[in-house]
Amino acid sequence: MVESPAVSGFSGSFGSETHRIAPSPVVHVRGLCESVVEADLVEALEKFGNICYVMMMPFKRQALVEFEEVQSADRCVACGSQEPVYIAGQQAYFNYSTSKRITRPTNADDPNSGNKVLLLSIQNPLYPITTDVLYTVCNPIGNVLRIVIFKRNGIQAMVEYPSDDNAQKAKAALNGADIYAGCCTLKIEYARPSRLNVIRNDNDSWDYTKPFLLRRERGKGRQRQAILGEHPSSYSDNGYGSHCPLLPLPSNNRFKRSSHDVLEVVTYPLPQTSSYMSHASSSVAMVSGLHPAKMNCTRIFNLFCLYGNIEKVKFMKSVPGTALVEMGDEYAVDRAITHLNSIKVFSKRLNVCVSKQQAVIPSQVYELEDGSSSYKDFAMTRNNRFSSAGQASKNIIQPPSCVLHFYNVPPCISEDDLQRLCTEHDVPGFIKYKVFDAKPSSKTISGLLEFDSKTHAVEVLTVLNHYQIRIPSEPTTTPSDMMCFGTWFIRIYCF
């Protein structure tokens, strides 16, 4: 995997900031627009000198650009501090990186070395990623030979081209782009292997030089009789339906095979949630690295419900600090793995992966350290956020952030009340508070809370998401011993 090098920070005074960091051939670029791809950076910055590597950080709207010579980086940083430099129509800002070289997955000594095999990391995968999808994305730039999709930290794939030149063009044209609008963002690096070995042609692997390879069978030997046939009548073998244009290629002709072979717009399959073939093998996620005293079934629900419905949660008695989370479907598991794997919660790093179990069975139920049950069924809770198509469409899938969006809070609750709530539950307090303007008739308020770090925000969300705030009712309308309830939901919101 790619090791993210340290990058320099910015204090706002770019002229003076450049003197605080030693000159480096690696330049840290920030302020990029959402639609920028690697080719845009190369086109805008190659005037300063030869560029040998680019690392995109799409969710941060940042990138690292490694020049062959320090003098080229000097010219880039100096120019950016004196006059605006535009990348894809938006002004960008530059500074030296604290790294002297961008770490490549291949660990090649030659900074200009490439590979004909690309490693694709698909970030925020809201829709299924199959070999058909990646072939449609990658083949217009150069003939794709082989594709292998695998799951380690989220969804990743390797794509093999006939030559290093084809792979370089594909990396430049697609690195940082979205396969579908606002999601399935591609982060592309050169892979370690120089050739892919494919033994079956199916949704997860395909050798386009050997079309005779059989699709993977569901099982060996005789299969059980299926009551309703092979698949639902609503399922189509074409799965994805019609094609629609989503991602325009860079206008520079060097990223196309020829003017005859490639259109100005690459077309991608439009996903249809009722008919796609799920990528994950199970709708159950296994979570390890849980704090034994601070994590329970409810807190796991509070964290995982941002990425899909939660059916059941069960802690494993035989494996301390590990739980099984049964989610609404396989792609909810995909989203949870993509966004929650390797994050820190209560000083413990979570490991989230697909479980071999197909369902969570309530066996060996015991008492956790906090006194709660090791098993809980959430199938009927109204706090699940993907129970209908309309409800699901309102959810913005975001990676964990240091900013939380809260809503459904009674108007009488103040900033001090929320800060006190954090203190009472032994979670970090926020450093900034913003409440949104509400209608005079509104019975609730919403706003943003900013924390010192992403870890602090995740811990607050884990503990206080769906916290029930009790507000005494007005004595003129109800008896004095009655209480009315407001439920405080916090949802991750990333700027």
Side-chain angles (χ1 to χ4, degrees), residues 2-114 121 123 168-169 171-177 185-190 250-252 254-255 402 453-454 494-495:
V2 181
E3 178 186 348
S4 298
V7 294
S8 56
F10 291 86
S11 64
S13 177
F14 302 108
S16 60
E17 190 80 6
T18 58
H19 299 293
R20 301 180 187 176
I21 300 174
S24 165
V26 180
V27 172
H28 180 203
V29 188
R30 73 178 184 98
L32 299 172
C33 64
E34 287 185 349
S35 60
V36 73
V37 295
E38 179 177 324
D40 297 319
L41 281 102
V42 173
E43 187 175 9
L45 303 182
E46 63 182 355
K47 62 184 178 182
F48 300 115
N50 291 334
I51 295 172
C52 55
Y53 206 79
V54 176
M55 174 184 282
M56 302 293 295
M57 295 179 275
F59 282 113
K60 297 181 179 180
R61 301 184 186 179
Q62 299 175 13
L64 294 179
V65 178
E66 182 180 329
F67 289 93
E68 287 186 359
E69 299 177 349
V70 177
Q71 291 79 2
S72 302
D74 291 339
R75 289 192 289 270
C76 177
V77 173
C79 182
S81 64
Q82 295 169 6
E83 60 184 56
V85 175
Y86 294 91
I87 299 177
Q90 182 165 309
Q91 184 178 357
Y93 303 95
F94 307 88
N95 201 354
Y96 297 112
S97 170
T98 54
S99 299
K100 301 301 181 184
R101 181 175 181 267
I102 299 176
T103 304
R104 281 81 153 161
T106 55
N107 288 326
D109 294 331
D110 182 3
N112 294 305
S113 65
S121 298
Q123 302 175 338
Q168 182 183 8
K169 292 178 180 178
K171 181 175 180 291
L174 300 174
N175 193 10
T185 304
L186 293 172
K187 182 178 180 181
I188 305 177
E189 307 288 345
Y190 291 114
S251 56
N252 196 324
R254 61 185 167 172
F255 302 109
C402 62
S453 67
K454 179 174 67 176
C494 182
F495 287 142

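The minimum heavy-atom distance linking Val54 with Asn175 is given by the pair O-ND2, 4.1 Å. Scanning both residues, Val77 and Val27, for their nearest heavy atoms gives CG2-CG2, 4.1 Å. Of all heavy-atom pairs between Ser97 and Ile21, the closest is O-CG2, 4.1 Å. When all heavy atoms of Ala177 and Val37 are compared, the closest pair comes out as CB-CG1, 3.6 Å. The shortest heavy-atom contact between Ala88 and Val36 is CB-CG2, 4.2 Å. Pairing each heavy atom of Ser24 with each of Ala73, the nearest pair is O-CB, 3.1 Å.
Residue-environment remark: NZ (Lys100) exceeds the threshold of 12 foreign heavy atoms within 6.0 Å.
For Ser72, the side-chain hydrogen bond (donor to acceptor under 3.5 Å, both in side chains) partners two or more places apart in sequence, or in a different chain, are Arg75. Scanning for side-chain contact (heavy atoms from CB on, under 4.5 Å) contacts around Val85 gives Leu45, Cys79, Phe94, with sequence neighbours left out.
From Leu186, atom CG reaches atom OG of Ser121 across 9.0 Å, with rounding to the nearest 0.5 Å. To the nearest 0.5 angstrom, Gln168 atom CD is 8.5 Å from Glu38 atom CD. Asn95 contributes atom CG, which lies 8.5 Å from atom NE2 of His28 (distance to the nearest 0.5 angstrom). Annotation: the span from Thr103 atom OG1 to Glu66 atom CD amounts to 9.5 Å, rounded to 0.5 Å. Note that the NZ atom of Lys187 and the NZ atom of Lys171 stand 10.5 Å from one another [nearest 0.5 Å]. The structure places CD of Gln62 at 8.0 Å from CG of Leu32, a figure rounded to the nearest 0.5 Å.
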Could you walk me through whether Leu174 and Ile188 pass the side-chain contact (heavy atoms from CB on, under 4.5 Å) check? CA-CA 8 Å; Leu174 300 174; Ile188 305 177; 3.7 Å; yes
For Met56 and Leu41: C-alpha separation, side-chain torsions, deciding distance, then whether side-chain contact (heavy atoms from CB on, under 4.5 Å) applies. CA-CA 10 Å; Met56 302 293 295; Leu41 281 102; 3.7 Å; yes
Run the numbers on Tyr93 and Gln91 for side-chain contact (heavy atoms from CB on, under 4.5 Å), then give the verdict. CA-CA 7 Å; Tyr93 303 95; Gln91 184 178 357; 3.7 Å; yes
Between Leu64 and Val29, does a side-chain contact (heavy atoms from CB on, under 4.5 Å) hold up when you go through it step by step? CA-CA 6 Å; Leu64 294 179; Val29 188; over 6 Å; no
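When side chains are defined from C-beta on, Cys76 counts as touching Phe67, because their heavy atoms get closer than 4.5 Å.
Side-chain atoms of Glu189 and Tyr53 include a donor-acceptor pair closer than 3.5 Å.
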